[in-house]
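Notes for the one structure printed next.
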Amino acid sequence: MEIANSMGPGELLSWNDIQNMKYSWCVARESMRLASPSQGGYRVVNTDLKYESFTIPKGWKTYWTPHSTLQNPKYFEDPEKFEPFRFEGDGPSPYSYLPFGARPHICPGREIGRLWMLTFMHNLVLKFKWQTLIPDEKRKYGLAVTPGADGLPIRIHPL
Ligand code: HEM
């Protein structure tokens, strides 16, 4: 709300405002941790790979998914809790937060994704009143994006 309060009527968000939306970005990141928009992707194993008691032979195709890491208490204390402040300061340890992937194939669209998310959140909060339609809707875990077990229906009213 700090950014919203500093703006004049009808004034549009500037790039500088986006950079200053630090708490909103923590909220977006925590939302992507709990319901990652990405389900992961494929990798071809280019050398025989040992993982715990398994050997994955060269040439096999593997599928990586961010969900188990994003819910792992080793990296995210109290993982089922919605806690945006966990992204403040140094944030999570390297390679534990993977909604955009990592290393050479990390999502090249992540900055524009951030811009879209923050712009959407800003307008949703300022210009609409909204409420969830199913109180205490349960969450559902799976490979697909599941914000709520029944699809998280909401009602939106323009302000
Ligand atoms: C919330 C929004 C987004 C999420 C969560 C997301 C997530 C991801 C993930 C997880 C990957 C795979 C990374 C890997 O294999 O290590 C990826 C790749 C990619 N993303 Fe995104 N993405 C988002 C938005 C976008 C946008 C807006 C664009 C383009 C405008 C984009 C373009 C791409 C491309 C081209 C790749 C392939 C990169 C490669 O294989 O080298 N993404 N994204």
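First listed ligand is number 1; within each ligand, the first listed atom is number 1. When a residue number appears, it is its place in the shown sequence, counting from 1. Bear in mind that the values here come from a model prediction, so they are computed numbers and not experimental data.
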Write out the residue and atom name of the closest protein heavy atom to atom 30 (C) of ligand 1, then the distance separating them to 0.1 Å. I112 CG2, 3.9 Å
Apply side-chain contact (heavy atoms from CB on, under 4.5 Å) to residues Q71 and L34 and explain how you reach the verdict. CA-CA 7 Å; Q71 310 289 332; L34 286 166; 4.2 Å; yes
Is the centre of the Y75 ring less than 6.0 Å from the centre of the Y97 ring? no
Looking only at heavy atoms, is any part of Y42 under 4.0 Å from ligand 1, and if so is it the side chain, the backbone, or both, or is it neither? neither
Candidate pair T55 and K50, rule side-chain hydrogen bond (donor to acceptor under 3.5 Å, both in side chains), full reasoning: CA-CA 4 Å; T55 302; K50 280 210 175 306; 2.9 Å; yes
H122/M7 under side-chain contact (heavy atoms from CB on, under 4.5 Å): CA gap, chis, key distance, verdict: CA-CA 12 Å; H122 175 83; M7 293 169 74; 3.8 Å; yes
Short list, please: which atoms of ligand 1 are under 4.0 Å from a heavy atom of S38? 10 (C)
Tell me: protein heavy atom nearest atom 19 (C) of ligand 1, and distance? P108 CD, 3.6 Å
Hey, is ligand 1 close enough to R43 that some N/O pair sits below 3.5 Å? yes
Between R86 and E77, does the salt bridge (Lys or Arg N to Asp or Glu O under 4.0 Å) criterion hold? Intermediate values first, please. CA-CA 9 Å; R86 67 173 89 238; E77 199 185 318; over 6 Å; no
Tell me whether ligand 1 is touched by P99 - counting only heavy atoms on the residue side and a distance under 4.0 Å. yes
Atoms of ligand 1 close to W116 [distance to a heavy atom under 4.0 angstrom, numbered from 1]: 27 (C)
the protein heavy atom lying closest to atom 1 (C) of ligand 1 turns out to be M117 CE, 3.6 Å
Numbered atoms of ligand 1 (with element) below 4.0 Å of P37, judged on heavy atoms: 5 (C)
May I ask you to list the atoms of ligand 1 that are less than 4.0 angstrom from any heavy atom of A102? 16 (O)
Any R110 heavy atom less than 4.0 Å from ligand 1: no
Crowded around D78 CG? As in, over 12 foreign heavy atoms under 6.0 Å? yes
Atom 29 (C) of ligand 1 sits nearest the protein heavy atom G109 CA, 4.0 Å
Hey, are S14 and D17 close enough side-chain-wise for a donor-acceptor pair under 3.5 Å? yes
So do T119 and I18 actually touch side chain to side chain, heavy atoms under 4.5 Å? yes
Under 3.5 Å between some N or O of ligand 1 and some N or O of H105? yes
Should you measure from each heavy atom of G101, which atoms of ligand 1 turn up under 4.0 Å away? 10 (C), 13 (C), 16 (O)
Side chains of P153 and I134, heavy atoms from C-beta outward: is any pair under 4.5 Å? yes
Does the plane of the ring in F76 sit parallel, tilted or perpendicular to the ring in F87? Use 30° and 60° as the thresholds. tilted
Nearest non-hydrogen protein atom to atom 4 (C) of ligand 1, with distance, is F100 CE2, 3.4 Å
Which residue and non-hydrogen atom of the protein lie closest to atom 8 (C) of ligand 1, and at what distance in Å? C107 CB, 3.5 Å
